[in-house]
Amino acid sequence: MAEPVTPDAQRSPDEGLGAPTSVGSSRVEQLLADLNQAQRRAVEHGEGPLLVLAGAGSGKTRVLTRRIGFLLATGMARPGEILAITFTNKAADEMRGRVEELTGAAARLMWVMTFHSACARILRQHADRLGYKRGFSIFDEADSVRMVKRCLGELDIDPKRFPPRTVKGQISLAKNRLTDAESYREEQGSFFEETVADVYTLYEKRMHENNAMDFDDLLVRTVNLFELCPDLRERYARNFRHVLVDEYQDTNRVQYRLLQLLSGEHGNLFVVGDDSQSIYGFRAADIRNILDFQGDFDATSVRLEQNYRSTQTILDASNAVISNNRDRLEKDLWTDAGAGDPVTIAELQDEHEEARWVAGEIDRLADEAGIARTDVAVFYRTNAQSRVLEDTLVRFDVPYQVIGGTKFYERAEIKDAMAYLTLLVNPQDTVSLARVINSPRRGIGKTSEGRLLGHANTLGLAPIELLADPQRVPGLGAAAVKAMTRFEELIAGLAERAAGGGSVAELLEATLGESGYIEALEAERTIEAEGRIENLQELVGVAAEFDVNRTVEGDSELAPLEEFLEQISLFTAQDDLREDEELVTLMTLHNAKGLEYRAVFIIGCEDGVFPHSRSIDEGTLEEERRLAYVGITRARERLALSHARRRSIFGATGSGIPSRFLGEIPDRLVERHSTVGPTTGWGLGAGGGSSFAGPGAGGQEPTLELAVGDDVVHASFGEGVVTAVEPGNVVVVRFGGEGERKLMADYAPIQRAS
DNA sequence: TATAATTCTCTTTTT
DNA sequence: GAGAATTATA
């Protein structure tokens with residue numbers, strides 16, 4: 001369903017969805033049965049706005065799901081009248097699935113999706129009202145920055161003084177304040193800002209010409225659409241009689257405005273959030289949205305304060321940390337669970353030792369506490385920190401998955417392939433065109449490309465049109481003209497095929513084949529090219545999977561290719577989280593939002609790393625503290641925080657002092673561990689002395705020295721023999737029944753057999 | 001025009 | 001210490 005269906009059109013014979021019946025009321029009882037009082041009050045709320053202040057682990061997802069079930073079961077809403085905004089596509093799918101269990105297949109008519117997906121869907125439907133075409137491209141950050149850069153060039157602005165990224169950032173902030181280029185120019189004074197205003201103006205013009213939107217546009221243009229076309233606003237507002245929003249604390253002003261436009265009249269706005277978990281201020285999220293919600297919408301509120309996730313100790317630690325923030329809505333989280341284990345704070349020499357320690361602890365958790373890898377997550381402040389960890393985990397044969405970071409879809413070959421497909425849907429997209437016009441090499445270099453774009457600009461044509469008739473471009477060599485004609489034929493042929501609306505995977509394969517892209521890679525005969533081909537094959541696999549799911553669900557009005565492109569561009573990091581395999585999960589603290597694990601490690605707890613030095617400079621420490629709060633409260637049973645004495649950043653080694661957040665955790669909750677001195681680690685207990693010995697420049701700590709042939713005893717695997725010794729104190733041990741395992745001599749629970 | 005070599009910048013966090 | 005961007009060379 002791509003636009004709201006009128007109530008008449010969606011009336012279905014599905015029993016139990018109409019007015020409350022006996023079936024309905026028993027269903028309602030079922031929905032409320034295992035909820036606590038506060039949760040029940042939230043779910044049973046009548047009409048009008050409600051703020052659910054949900055502390056960490058207080059069951060907010062459950063409340064949201066039940067609320068939807070309640071709306072449907074009592075007949076307060078039909079499925080098509082519900083708009084539920086979640087933080088990730090994955091969360092949306094899960095929620096839809098759960099509601100489906102409660103209320104049946106009609107749940108598919110609900111709109112459960114992220115802000116960006118919902119906006120894209122609305123915009124596709126009414127693109128013409130804003131002078132866009134429905135096949136508009138969605139530019140990711142890299143594409144947008146590229147466009148900004150192009151604008152800088154066109155305006156003859158020095159990109160050294162005005163870095164494209166920075167300028168894009170300014171434009172983004174302006175958009176998130178709903179300030180258009182014109183108003184921006186009026187309200188700005190400095191030279192810098194005036195220059196940005198020039199770029200902003202041109203950028204908007206070019207984006208429109210390219211039939212392209214950036215991430216901010218998806219939200220802003222939807223607001224524009226509703227303000228410009230009251231008929232549409234009314235239609236959607238009337239249709240979405242119940243709007244529900246998860247993670248409300250992270251909404252920004254544009255999203256706030258959108259919610260206002262949609263729910264202003266009926267006021268059925270049900271938001272769930274926790275001000276203590278507001279961590280997207282840098283993305284213009286406005287914490288006042290939640291702090292002022294009650295006043296703004298004249299809302300009632302419900303507090304969920306019982307925590308069902310963590311031990312008392314973990315909860316105490318999180319409360320102690322967050323209580324150092326001034327600006328917050330008081331909440332008193334409590335739990336029925338027992339005290340549990342103390343919080344571990346580990347001090348290590350450097351990031352390598354830190355990684356080894358984490359790897360060792362993960363093994364130990366499995367052996368001693370029966371906590372499987374799936375139940376373990378490691379969080380860090382910046383993506384760069386994952387590298388050392390990954391290297392170490394590979395060395396120790398600990399399977400893992402990294403969420404976010406440098407993504408599959410950012411690889412050059414993947415972006416190229418996607419650019420081809422994008423071009424088929426949106427021929428006006430010159431950023432995609434520029435990506436593929438000479439990739440693979442077909443003899444259209446920078447010069448020819450520049451001439452083409454330049455002349456298209458002067459004629460006021462889309463470059464793709466000119467491409468069909470390249471003789472019109474002055475100054476082109478015969479070879480270039482010929483190459484362009486061939487390229488145009490390629491695109492035209494593929495576009496025709498795309499219009500047929502068949503399998504995306506087949507179309508992608510045809511594209512990669514006919515363009516000569518794969519061939520060019522094969523000709524390289526290098527390992528890297530080999531890898532790229534594999535990546536592209538993986539992309540074909542993704543497309544094939546999409547094809548299959550689509551034929552199953554098959555209710556979209558978008559052409560398959562368009563839908564595929566949109567799905568990929570609005571992917572969220574958490575969407576590729578896997579839970580069914582035995583993998584340790586690695587991610588940034590930001591990506592950890594909304595998740596939970598039996599055991600959590602937070603590494604790099606040093607001032608400057610976490611809290612990040614920039615936040616210290618910019619005075620956004622409270623947000624960093626909330627980030628710490630988010631991280632800590634992800635843990636159910638075990639929590640370990642580590643910091644290193646030395647850490648190399650940018651290649652240079654610096655020394656770090658423990659994060660101030662560590663000091664905010666009361667000592668009585670903590671068990672300290674420090675790896676210094678001649679310890680073989682285990683058995684001595686992690687609570688031992690924290691005597692820190694050496695400056696350890698590049699420190700090779702004393703260790704259990706093992707050689708090939710030595711007999712050892714492992715705490716859980718029993719007796720074994722060393723079969724190899726690898727760099728970094730890794731030993732390969734062959735155990736009786738277990739086969740061979742790689743272990744860290746320093747940390748694995750092994751001893752020399754005597 | 002395409003490659004190789006060299007210099008320079010960046011690092012928060014993300015849809 | 002990696003990536004992009006720029007410059008030098010074929």
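Below, each value reflects all heavy atoms present in this structure, side chains not excepted, and no hydrogens, waters or symmetry copies. All chains are named by letter (A, B, ...) in the order of the sequence lines, taking the proteins before the strands, and each is independently numbered beginning at 1.
Counting any heavy atom pair closer than 4.0 Å across all strands shown, A/Thr166 reaches no nucleic acid atom. Residue A/Glu618 is classed as a base contact, given a heavy-atom separation below 4.0 Å to a base. Residue A/Asp617 is out of contact with every strand shown, counting any heavy-atom pair closer than 4.0 Å. Among the protein residues, A/Phe87 comes within range of no part of the nucleic acid, since none of its heavy atoms lies under 4.0 Å from any strand. A/Lys593 comes within 4.0 angstrom of no nucleic acid atom, judged by non-hydrogen atoms across all strands.
Within the model, atoms CZ of A/Arg647 and CG of A/Leu348 stand 9.0 Å from one another, a figure rounded to the nearest 0.5 Å.
Each of A/Leu577, A/Thr588, A/Leu586 was scored for a side chain to side chain contact (heavy atoms under 4.5 Å, CB included) with A/Ile403, with one residue passing: A/Leu577.
In this structure, the nucleotide among B/dT9, B/dT3, B/dT15 sitting nearest to the side chain of A/Glu141 is B/dT15. With distances taken from any side-chain atom of A/His590 to the nucleotides B/dT14, B/dT1, B/dT15, the minimum falls on B/dT14. If you check C/dA5, C/dA2, B/dT15 against the side chain of A/Arg387, the one that comes closest is C/dA2. Side-chain proximity of A/Thr447 to the nucleotides B/dT15, B/dA2, B/dT1 is greatest for B/dT1.
Put simply, CG on A/Asn176 is 18 Å from P on B/dT13, counting in whole angstrom units.
The aromatic ring of A/Phe282 sits over the base of B/dT13, with ring centres less than 5.5 Å apart and planes tilted by under 30°.
No cation-pi contact links A/Arg221 to A/Tyr132, judged by a cut-off of 6.0 Å to the six-membered ring centre and 45° from its axis. A cation-pi arrangement is present between A/Lys593 and A/Phe87 under the rule of less than 6.0 angstrom and at most 45 degrees off the ring axis.
Summary of the strand contacts: A/Thr382 and A/Ser448 both lie near DNA chain B, and taking for each the nucleotide with the nearest heavy atom, the more 5' one is attributed to A/Ser448. For the pair A/Phe571 and A/Arg442, nearest-nucleotide mapping onto DNA chain B gives the more 5' position to A/Arg442.
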